[in-house]
Amino acid sequence: MNYFSSDFKLGILGGGQLGKMLLFDTRKFDIQTLVLDPSDEAPCKIACNQFFKGDLMDFETVYNFGKKVDVLTFEIELVNLEALVKLEEEGLKVFPSPKTLKLIQNKGIQKDFYINHAIPTANYKRFENLKSLIVDILDSKIKLPFVWKCTEFGYDGNGVKVIRQISDLDNLANVECIAEEMVPFKNELAVIVCRNPSGEIKTYPVVEMEFHPEANQVEYVICPARIDDKVAEKARAIALNVSEKFNHVGLLAVEMFQTEDDEILVNEVAPRPHNSGHYSIEASYTSQFENHLRAILDLPLGNTDSKVAGIMVNLVGSEGFSGNVVYENIEKILGWNGVTPHIYGKKQTRPFRKMGHVTIVNEDIDEARRIAEEVKNTIRVISV
Ligand code: ADP
């Protein structure tokens, strides 16, 4: 099929920043795009060929949107699965496949998948609701501390809580959940794998993620991770194995823990471009977004190696500010070598909302990390 400067139409479910960054590459290749998103202010609106406003969880809306395109992909996991299944049954190419998405959308099912395929992961137990978890704690079948995770609709750490005493469960929703063993980890790592339908498969280098201690959001992503080569090799091999077991097409971001004794445990996966791969726009031969596109269109995959060390700093709304956004000191950081801000185009800021990111590239990773901290301490996302 001819995708370039043709009538071919790629559909993207979700119009957020991941979609917007993917659209840079569809523009580069002159591939037509249609985007569906519930918000009138979706970041994708400025760069797609046609924008449709609608509910991503509504069967009819997603199904009808799918009927307008030749290949369908998504930039968010919270989409109507039944509509994707029906579209795929009717012959539409949907990548990643709804079969994979089904295994990933629910954290309990995802964890079972790892166990069934001998993929190392932290021990856990599934519960239908909070009440049944409490029964197990009172019966001493679950030991404190542990990590509570709701199985569906959690994101950026907001469906995750460390439970040290039973009162920590107060105010949690009575929904399906898992209780997971606390992992004493040295590092949180991630590997992005891309795979096309022909089976060509490549991994990006291992990255290291540093988290904001309170918000539980990634603050810095560092590529390459400053870890032993052997550990990095192990992490890449495990990520490849996970992608193959899912029979995945497109990008799969595999988040992992490096334990105190250098074991690798898979935490969770995301079947799409991922925050941990944003550095690749500036630092890699082929960005994660270009490779997602190549993968879902069954084109040869691009080189995933880095040209230079890259660090990403998330730009999230500062605490105490809500309203029309202003990026304080952005001109200042633009004056520094190797510093590139990305502004997602959300008009309103609120505390910890992801508003953009900044990439820092440098030949020397320690220097990049130093500049990243200066960036973090200089730019502020506030409101007028
Ligand atoms: P989300 O889907 O919201 O990103 P995660 O499962 O990735 O949720 O958990 C968010 C964060 O919580 C992780 O990045 C990690 O810092 C911490 N965390 C999650 N599971 C565990 C665990 N078993 N042990 C220790 N920390 C954990």
Side-chain angles (χ1 to χ4, degrees), residues 14 16-18 74-79 100-101 103-115 119-127 133 137 142-165 168-169 172-173 175-192 206-222 225 227 235 238-239 242 251-278 312 314 316 352-354 357:
Q17 63 263 19
L18 298 173
F74 47 85
E75 58 109 55
I76 180 168
E77 289 102 304
L78 298 178
V79 295
T100 312
L101 185 58
L103 296 168
I104 292 172
Q105 263 184 346
N106 178 300
K107 280 189 181 178
I109 297 176
Q110 193 185 133
K111 291 285 285 187
D112 287 353
F113 182 87
Y114 300 142
I115 298 300
I119 291 161
T121 193
N123 290 328
Y124 65 101
K125 190 168 175 192
R126 291 177 66 174
F127 293 93
L133 167 60
I137 299 172
I142 294 284
K143 301 254 176 308
L144 298 165
F146 65 88
V147 184
W148 169 90
K149 297 184 180 185
C150 67
T151 54
E152 286 182 341
F153 308 120
Y155 64 94
D156 286 344
N158 74 359
V160 175
K161 192 169 179 198
V162 175
I163 308 298
R164 296 184 193 280
Q165 53 207 24
D168 291 338
L169 293 166
L172 290 181
V175 291
E176 193 190 321
C177 58
I178 59 172
E180 193 175 283
E181 230 169 58
M182 283 269 284
V183 177
F185 57 80
K186 285 206 258 216
N187 274 312
E188 294 200 51
L189 308 174
V191 173
I192 293 179
V206 184
V207 302
E208 186 186 330
M209 300 183 286
E210 279 187 38
F211 278 73
H212 184 285
E214 285 152 45
N216 221 351
Q217 264 184 348
V218 180
E219 212 167 12
Y220 302 104
V221 171
I222 302 168
I227 55 172
I238 288 174
V242 173
L251 293 185
L252 188 73
V254 184
E255 294 182 31
M256 292 170 274
F257 297 121
Q258 177 188 3
T259 66
E260 295 292 350
D261 42 10
D262 285 341
E263 246 193 285
I264 297 289
L265 299 175
V266 172
N267 176 26
E268 61 169 357
V269 297
R272 52 170 168 77
H274 194 246
N275 196 254
S276 68
H278 291 352
M312 187 217 56
N314 269 326
V316 300
F352 301 114
R353 186 175 193 199
K354 278 188 191 164
H357 71 263

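Residues take their numbers from the sequence shown, with the count starting at 1. Atoms within each ligand, like the ligands themselves, are counted from 1 in listed order.
For E188, every heavy-atom contact with ligand 1 shorter than 4.0 Å involves the side chain, none the backbone. Contact annotation: for N267 versus ligand 1, heavy atoms closer than 4.0 Å belong to the side chain alone. In V147, the part holding a heavy atom less than 4.0 Å from any atom of ligand 1 is the side chain.
Listed by number with element, the atoms of ligand 1 under 4.0 angstrom from any heavy atom of M182 are 24 (N). Heavy-atom contacts of F211 reach the following atoms of ligand 1: 14 (O) (cutoff under 4.0 Å). Each of the following atoms of ligand 1 lies closer than 4.0 Å to a heavy atom of E180: 20 (N), 21 (C), 22 (C), 23 (N). Taking every non-hydrogen atom of V183 and a distance limit under 4.0 Å, the qualifying atoms of ligand 1 come out as 22 (C), 23 (N), 24 (N), 25 (C).
Panel note: side chain K149, backbone G108; no donor-acceptor pair is recorded below 3.5 Å. Within the 3.5 Å criterion, the main-chain N or O of V266 finds a donor-acceptor partner in the side chain of T121. Judged purely by atom type and a 3.5 angstrom limit, E176 has no side-chain atom pairing as donor or acceptor with the backbone of E152. With N314 contributing its side chain and V218 its backbone, the two residues share a donor-acceptor pair below 3.5 Å.
Nearest residue to atom 8 (O) of ligand 1 from K107, E255, K149 is K107 (criterion: closest heavy atom).
In terms of polar-atom proximity, defined here as any N/O pair under 3.5 Å, F257 makes no such contact with ligand 1.
For A253, the side chain to side chain contact (heavy atoms under 4.5 Å, CB included) criterion is met by I192, A270, H274, not counting sequence neighbours.
Under the side-chain contact (heavy atoms from CB on, under 4.5 Å) rule, V221 has a single partner from E188, E210, M312, which is M312.
For the residue pair Y114 / N267, no side-chain donor-acceptor distance below 3.5 Å is found, with atom types taken as modelled.
Contact annotation: F185 has at least one heavy atom less than 4.0 Å from an atom of ligand 1.
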